[in-house]
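Notes follow the structure.
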Amino acid sequence: MIALAYKRLIQLGKVTGAVSFLLAAPYALVQYIQSQDAARVEQTLNMFKLYNSPPFTGYREKLTKALIANKDKINEASKDTAAFEALQFQILKETDMETELLLLFDFFDGVAVCVTANVCDNDAAIKLFKPRAADIYVNFYQYMVAQRGKSTTRGFGIGVEGIAKSNLDQPSFWHRT
């Protein structure tokens with residue numbers, strides 16, 4: 001009788017262990033996925049914090065001042081692609097800010113790498129960086145394309161372009177390029 005009860009308890013323990021595992025495994029998987037998502041969002045926020053700290057704030061300030069100072073010229077030249085490209089290079093030369101602009105493009109290329117490597121979150125990157133990337137993309141598109149022809153990498157500016165063109169309602173731009 002005791003041996004039978006002991007045998008039943010062993011069987012009940014096995015069944016209980018199996019049921020516990022079957023219930024706990026999906027929960028653990030969901031928890032793991034949520035922690036990975038949170039880590040990607042946190043890394044994206046760290047990139048945003050970096051973008052809003054020196055030296056990038058200085059680069060952005062210099063760029064903004066140059067765009068404001070040349071607003072009328074930009075509006076006029078934007079009607080003709082060649083004239084707009086020439087003006088972009090002229091503004092960069094006159095304001096001595098080409099290095100800063102290159103570093104901003106480089107930063108956004110870094111964001112693209114972070115997202116494609118699944119270290120940063122795509123949606124958070126779009127929400128945080130799209131207005132800033134779109135400003136650079138619109139005002140320096142011709143410069144970006146010209147740099148692709150001169151640069152050792154054909155992907156110059158892909159970060160700025162990717163974020164500027166991204167839409168949260170569509171599949172990720174990053175994985176289409």
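Just so you know, residue 1 is the first one in the sequence shown, and it goes up from there.
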**Prompt:** Which value, rounded to the nearest 0.5 Å, describes the distance between L104 atom CG and D109 atom CG?
**Reply:** 11.0 Å
**Message:** Check D135 with R132, please: is the shortest side-chain N to carboxylate O separation under 4.0 Å?
**Reply:** no
**Request:** Over all heavy atoms of both residues, which pair between I158 and R148 is shortest? Give the atoms and the distance, please.
**Result:** N-NH2, 3.9 Å
**Request:** Please lay out, stage by stage, how V41 and D123 fare under the test side chain to side chain contact (heavy atoms under 4.5 Å, CB included).
**Result:** CA-CA 9 Å; V41 169; D123 293 351; over 6 Å; no
**Prompt:** Is K130 reaching over with its side chain to a backbone N or O of N167, donor-acceptor style, under 3.5 angstrom?
**Reply:** no
**Asked** What is the distance from atom NZ of K62 to atom CD of E100, rounded to the nearest 0.5 Å?
**Response** 4.0 Å
**Message:** I need the minimum non-hydrogen distance between C120 and Q43, along with the two atoms involved.
**Reply:** SG-CG, 3.6 Å
**Complete:** Minimal heavy-atom distance between G157 and M144, with the atoms involved, is O-SD, 3.5 Å
**Request:** Begin from the C-alpha positions of I68 and T64 and carry the test side chain to side chain contact (heavy atoms under 4.5 Å, CB included) through to its verdict.
**Result:** CA-CA 6 Å; I68 290 170; T64 301; 3.7 Å; yes
**Prompt:** Quick one: side-chain hydrogen bond (donor to acceptor under 3.5 Å, both in side chains) pairs with a partner in residues 46-60, sequence neighbours left out?
**Reply:** N52-R60
**Request:** With rounding to the nearest 0.5 Å, note down the distance linking CG in N70 to CG in N75.
**Result:** 11.0 Å
**Prompt:** Stepwise, does the side chain to side chain contact (heavy atoms under 4.5 Å, CB included) test hold for L50 with F107?
**Reply:** CA-CA 10 Å; L50 178 65; F107 175 83; 3.9 Å; yes
**Request:** Decide whether V119 and M47 are clustered together by the hydrophobic rule: side chain heavy atoms of Ile, Leu, Val, Met, Phe, Trp, Tyr closer than 4.5 Å, transitively.
**Result:** no
**Request:** Give a yes or no on whether E94 atom CD has more than 12 heavy-atom contacts from other residues, nucleotides or ligands under 6.0 Å away.
**Result:** yes
**Asked** Rounded to the nearest 0.5 Å, how far apart are CD1 of I136 and CZ of F108?
**Response** 4.5 Å
**Message:** Do F129 and V138 sit in one hydrophobic cluster, given that two such residues count as connected whenever their side-chain heavy atoms are within less than 4.5 Å of each other, even indirectly?
**Reply:** no
**Request:** Please assess T44 against F48 for the test side chain to side chain contact (heavy atoms under 4.5 Å, CB included), listing each intermediate value before the final yes or no.
**Result:** CA-CA 6 Å; T44 308; F48 189 68; 5.9 Å; no
**Prompt:** Got a second to check how far K79's NZ is from I74's CD1, nearest 0.5 Å?
**Reply:** 13.5 Å
**Request:** Could you grab the distance from atom CD1 of I91 to atom CZ of F89, nearest 0.5 Å is fine?
**Result:** 11.5 Å
**Message:** Tell me the closest heavy-atom pair linking I163 and A125, and the distance in Å.
**Reply:** CG2-O, 4.5 Å
**Prompt:** Between Y143 and F156, what is the ring plane arrangement, given parallel below 30°, perpendicular above 60°, and tilted in between?
**Reply:** perpendicular
**Asked** Got a sec, which residues hit ring pair (Phe, Tyr, Trp, His ring centres under 6.0 Å) with F140, two or more places apart in sequence or on another chain?
**Response** none
**Item:** Exercise: identify the closest heavy-atom pair between V115 and D121
**Value:** CG2-O, 4.2 Å
**Asked** Between E98 (side chain) and K93 (backbone), is there a donor-acceptor pair under 3.5 Å?
**Response** no
**Nearest non-hydrogen partners of A133 and V160, listed with the distance** = O-CG1, 3.5 Å
